[in-house]
Amino acid sequence: VDDDEQSATLQYGSHVHPLVKSVQKLIGIDLQGYRVDRRYWDNTVTDLFTGKTLYIDRPIEWASSFIPKLSPKLIEKSLLAIKQRPNDKLILLPILTSAKVLGALAVWGETIQKEDVPTLKLFASQIGSTLQNAHLYQEEQERSAELKHSKSFISALSTVAANIGQTQDLDQITQILGDELDKLGLGNLLVRLNADEETATVYHISTAHNVLQMIKRFTGISLEGYSLKRKHWQKLAEDYFFKGKALFVKDPYEFTSLVIPKMPTKLLRKAIALSEGQTKDKAAYIPLMEGKHAHGILGVWGIDLHEADLPALNVFASQVSAALKSAKKMQEERDEIDRVTRVNEFIRALSLVATQLGTTSKPDEILDILDFELSKLGITFMLTTLDENSQALKIRYTSMEKKWLETAEKLIRRKAIDFPIKKEDFPLWTEVVDGKKSIIIEDALKTAIEGLSSATKIPVQRLESSITALFK
């Protein structure tokens with residue numbers, strides 16, 4: 001009887017193996033390990049739980065209630081195939097311990113009689129004691145193995161955390177995390193919870209590139225950089241991650257299909273099986289906390305992962321979170337230093353230009369000086385002036401390299417200098433010229449191509465492919 005007492009599983013039958021195989025082929029059922037749901041138990045089985053021994057004259061009729069998929073005739077034919085005679089009697093004895101019913105022992109034969117019950121009951125009690133001792137021994141072995149696993153797992157995670165703590169570079173942290181957990185036979189991913197809490201983005205996954213390609217081929221989804229919409233994981237987020245609770249799942253493939261519904265479980269499992277062969281992994285998803293706020297999720301999976309590993313993984317996740325936070329702060333400081341350095345270089349370049357303005361009154365010389373200083377910073381510029389009627393801008397100067405300028409002029413079939421950009425060809429005229437407003441254009445190439453196409457009447461597509469190839 002299974003632990004939940006909702007089903008019973010056939011563990012052993014004494015029939016000759018070749019005969020059993022022929023019967024299994026006949027009925028289409030594997031008898032070894034066959035599971036009978038409680039709803040198919042009749043009153044005789046229920047009586048076993050009170051410790052009663054049952055004597056049954058017609059075992060064939062009784063057996064048909066256990067295998068409802070089969071007709072009594074087919075069961076009779078099957079029993080005859082394994083040389084069970086129609087006149088056989090069956091004694092069903094409960095296998096008991098002081099605590100519960102472990103199962104039942106069925107004994108049958110033509111010579112079985114009711115007088116055999118006391119002897120068989122004694123035999124069944126001996127079986128009960130043996131099974132109970134074996135069960136206790138197995139539990140002790142499992143506890144010992146779990147304790148050994150737990151100690152080695154904690155030790156290994158401590159080593160990984162120590163290695164991560166030695167760097168403050170985000171890319172190195174994810175690299176070390178992947179390499180070290182891989183040595184433990186564990187895959188991993190890092191998910192960033194966006195500030196709006198509406199999306200979560202996979203920004204690191206340790207799965208091999210060929211496996212990711214196989215998943216993409218089967219499902220059409222690239223997991224690297226994938227954004228998960230909150231509507232698909234909202235309940236999980238509220239029940240677990242936003243509360244700082246870890247989630248353990250026995251089937252990570254089914255879980256993945258739940259949060260990414262475009263990725264069917266069967267296709268995902270098939271892709272994994274074809275690419276790396278392992279589909280019996282279990283997984284843990286642990287929130288990365290900053291105070292009481294979750295800013296990410298650490299996912300870990302592997303065939304030897306246990307739910308009992310969650311406490312150790314929680315501690316490890318807090319160490320990973322601290323390392324990521326430190327690295328993020330360091331990166332922000334570096335970015336700020338780079339920004340300030342660039343601003344200072346820009347100011348210095350413009351100051352040098354301003355200093356040299358006093359040495360010349362020739363506009364072209366002034367622009368050449370500006371070109372020389374800004375080119376050191378990787379900046380290109382162009383100067384335009386309004387025509388007499390204020391209806392067009394004329395290109396007066398560009399710092400573009402001469403060879404590129406000449407190539408561009410061949411493309412538009414005219415000279416760039418003094419080329420008029422009419423009011424209707426410059427979409428930002430109202431804002432910049434009339435409104436006297438300075439603006440930043442993020443997609444400058446697209447804006448330039450559209451304006452150039454309008455001014456030269458050359459199709460946008462032709463200009464775009466040519467200019468993109470020209471300037472790479």
Side-chain angles (χ1 to χ4, degrees), residues 142 145-167 170-192 200-215 223-224 226 228 236 240-241 245-260 263 265 268-269 271-289 294 296-324 327:
E142 287 174 356
E146 282 179 8
L147 184 61
K148 186 178 179 181
H149 167 84
S150 180
K151 285 181 177 178
S152 61
F153 191 66
I154 291 170
S155 175
L157 290 181
S158 299
T159 302
V160 178
N163 290 338
I164 288 173
Q166 290 176 5
T167 179
L170 280 170
D171 291 336
Q172 284 187 17
I173 287 174
T174 55
Q175 184 66 46
I176 292 170
L177 185 69
D179 292 345
E180 294 296 328
L181 289 182
D182 183 62
K183 293 175 185 176
L184 302 178
L186 299 174
N188 63 92
L189 64 78
L190 287 168
V191 176
R192 181 185 293 111
T201 305
V202 178
Y203 71 95
H204 163 73
I205 183 166
S206 67
T207 306
H209 180 71
N210 67 308
V211 180
L212 292 174
Q213 289 301 308
M214 183 73 77
I215 292 171
L223 287 176
E224 293 174 305
Y226 186 82
L228 299 89
L236 288 170
Y240 291 91
F241 307 133
K245 289 169 63 179
L247 171 66
F248 185 84
V249 295
K250 293 182 178 178
D251 189 342
Y253 307 104
E254 191 174 324
F255 173 80
T256 302
S257 298
L258 175 68
V259 296
I260 310 178
M263 191 176 283
T265 307
L268 178 60
R269 207 183 296 277
I272 295 292
L274 286 173
S275 52
E276 60 179 16
Q278 181 55 263
T279 56
K280 294 182 179 179
D281 287 344
K282 296 175 282 294
Y285 299 92
I286 311 103
L288 300 173
M289 306 297 292
I297 299 165
L298 170 65
V300 178
W301 59 86
I303 193 169
D304 291 325
L305 199 65
H306 306 297
E307 193 164 3
D309 295 328
L310 283 181
L313 284 169
N314 274 320
V315 174
F316 177 65
S318 68
Q319 293 168 322
V320 171
S321 180
L324 289 173

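The chain is numbered in sequence order, starting from 1.
Partners of Gln172 according to the side chain to side chain donor-acceptor pair (under 3.5 Å) rule, which considers only residues two or more places apart in sequence or in another chain, are Thr167. Considering only residues two or more places apart in sequence or on other chains, Ser158 meets the side chain to side chain donor-acceptor pair (under 3.5 Å) condition with none of them. In this structure Asp179 satisfies the side chain to side chain donor-acceptor pair (under 3.5 Å) test together with Gln175, sequence neighbours excluded. With sequence neighbours left out, the side-chain contact (heavy atoms from CB on, under 4.5 Å) criterion links Lys245 to Tyr240, Lys243. Legend: residues meeting side-chain contact (heavy atoms from CB on, under 4.5 Å) with Ala323, ordered by chain and number and at least two apart, are Ile164, Ile173.
In this structure, CD in Gln213 is found 12.0 Å from OG1 in Thr207, a value given to the nearest 0.5 Å.
Only one option out of Val249, Val300, Val191 pairs with Tyr285 in a side chain to side chain contact (heavy atoms under 4.5 Å, CB included); it is Val249. The only option from Leu228, Ile297, Ile260 that meets the side chain to side chain contact (heavy atoms under 4.5 Å, CB included) definition with Val202 turns out to be Leu228.
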Side-chain donor/acceptor pairs under 3.5 Å, residues 311-321, sequence neighbours excluded:
residue	atom	partner	partner atom	Å
Asn314	ND2	Leu310	O	3.3
Ser318	OG	Val315	O	2.5
Ser321	OG	Met289	O	2.8
Ser321	OG	His295	NE2	2.9

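The main-chain N or O of Lys282 is never found under 3.5 Å from a side-chain atom of Lys250 such that the two would form a donor-acceptor pair.
Between Leu190 and Thr174, some side-chain heavy-atom pair lies under the 4.5 Å cut-off.
Heavy atoms only, all atoms of each residue included: Ser206 and Gly178 are closest at CB-CA, 4.4 Å.
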